[in-house]
Amino acid sequence: MKGKVVITFGTFDVFHVGHINILERAKEYGDYLIVGISSDALNMAKKNRYPIYSQNERIKIIRALRCVDEVFIEESLELKMNYIKQYSADVLVMGDDWTGRFDWVKDACDVVYLPRTPSVSTTEIIEIVKKI
Ligand code: C2G
C-alpha cells in the first residue's frame, strides 16, 4: 500500500541543495514520492544542451535519496497526464518557476507549486566553475 502518492519532475543535473529541498518538501505532501527524471534527449529539446550528468547518473543519485521511493525517465513534457495516471499520483509538486504551466492536469490530481530555493541553480554553478 503506497498511501498518498506524490509525483514531481525535473532534470536534477549537478545535484544541489535546491533539488533536495524541493524533493523533501514534495514528500511532505504524501507518503510515497515518485520522481520523473528528464531524459538526456528531453533536456536537449528543452535547454538546447545535454546535461552534465547523464540520465543514468542522475537516476542513480535521485534513487539513492531517503525521501524518494521510485524514479522513472520523463521522455516528454506533454506526457505528464499519462505519467500521473500510470503512477496513480494524487498530487503533482513542482517548483514555482513552473507556476501555471501544469494546471491542465488538475482534473487528474492536485497541483502544488512550491517556492524555489533562492540563489542556487545548475546554470549558476556551471558559470561559477567555468570562471575558476
Ligand atoms: N528547484 C528549486 N530550487 C532551485 C532550483 C531548482 O526548487 N534553486 C526545483 C525546480 O523548481 C524543479 C526541480 O527543482 O521543480 C528540478 O529542477 P530542474 O532540474 O531545473 O528541472 P527542470 O529542468 O525545470 O525540469 O517536467 C518538468 C521538467 O522536467 C522540469
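In this chain, residues are counted from 1 in sequence order. Note that the structure is predicted; figures quoted are calculated from it, not measured. Every number for a ligand or one of its atoms is a count from 1 in the order of the listing.
Between Leu42 and ligand 1, no N or O atom pair is found at a separation short of 3.5 Å. Residue Trp98 has at least one N or O atom closer than 3.5 Å to an N or O atom of ligand 1. An N or O contact shorter than 3.5 Å links Glu74 to ligand 1 by distance. Backbone and side-chain nitrogen or oxygen atoms of Thr117 are examined, and one is located within less than 3.5 angstrom of a nitrogen or oxygen of ligand 1.
Ligand 1 lies within reach of Ser38, whose nearest heavy atom is under 4.0 Å from it.
In terms of protein heavy atoms, atom 18 (P) of ligand 1 is closest to Thr11 N, 3.8 Å. Residue, atom and distance of the protein heavy atom nearest to atom 9 (C) of ligand 1 are Ile22 CG2, 3.9 Å. Nearest to atom 28 (C) of ligand 1 among the protein's heavy atoms is Lys46 NZ, 3.3 Å. Among all protein heavy atoms, the one lying closest to atom 7 (O) of ligand 1 is Arg116 CA, 3.5 Å.
In this structure, Val35 and Phe12 have side chains that are in contact, with non-hydrogen atoms separated by less than 4.5 Å.
Neither the backbone nor the side chain of Leu114 has any atom closer than 4.0 Å to an atom of ligand 1 (non-hydrogen atoms only).
A distance of 6.5 Å separates CZ in Arg49 from CG in Asn43, rounded to the nearest 0.5 Å. Residue Lys46 holds its NZ atom at 3.5 Å from OG1 of Thr11, rounded to the nearest 0.5 Å. Rounded to the nearest 0.5 Å, atoms NZ (Lys2) and CG (Leu33) are 11.5 Å apart.
Using a cutoff of 4.0 Å between basic side-chain nitrogens and carboxylate oxygens, Glu74 and Lys80 are scored as salt-bridged.
Tyr50 and Asp13 are not linked by any side-chain donor-acceptor pair at a separation below 3.5 angstrom, with hydrogens and angles left out of the test. The closest side-chain donor-acceptor pair between Tyr32 and Glu70 falls under 3.5 angstrom. The closest side-chain donor-acceptor pair between Thr117 and Asn21 falls under 3.5 angstrom.
Those atoms of ligand 1 with a heavy atom of Lys47 less than 4.0 angstrom away are 20 (O), 22 (P), 23 (O). Close contacts of ligand 1 with Lys80, meaning ligand atoms under 4.0 Å from a residue heavy atom, involve 26 (O), 27 (C). Against a heavy-atom cut-off of under 4.0 Å, Phe12 is close to the following atoms of ligand 1: 13 (C), 16 (C), 19 (O). Using a 4.0 Å cut-off to heavy atoms of Gly10, the atoms of ligand 1 that qualify are 16 (C), 21 (O), 25 (O), 29 (O), 30 (C). Heavy-atom proximity to Val120, at under 4.0 Å, picks out these atoms of ligand 1: 4 (C), 5 (C), 8 (N). Residue contact check: Asp97 has heavy atoms under 4.0 Å from atoms 10 (C), 11 (O) of ligand 1. With ligand atoms numbered from 1 in the order given, ligand 1 contributes 11 (O), 15 (O) to contacts under 4.0 Å with heavy atoms of Gly95.
Ring centroids of Tyr87 and Phe72 are separated by less than 6.0 Å, placing the two rings close together.
Ring-plane geometry between Phe15 and His19 is classed as tilted, the angle between the planes lying from 30 to 60 degrees on a 0 to 90 degree scale.
In terms of modelled atom types and a separation under 3.5 Å, the side chain of Asp40 and the main chain of Gln55 share a donor-acceptor contact.
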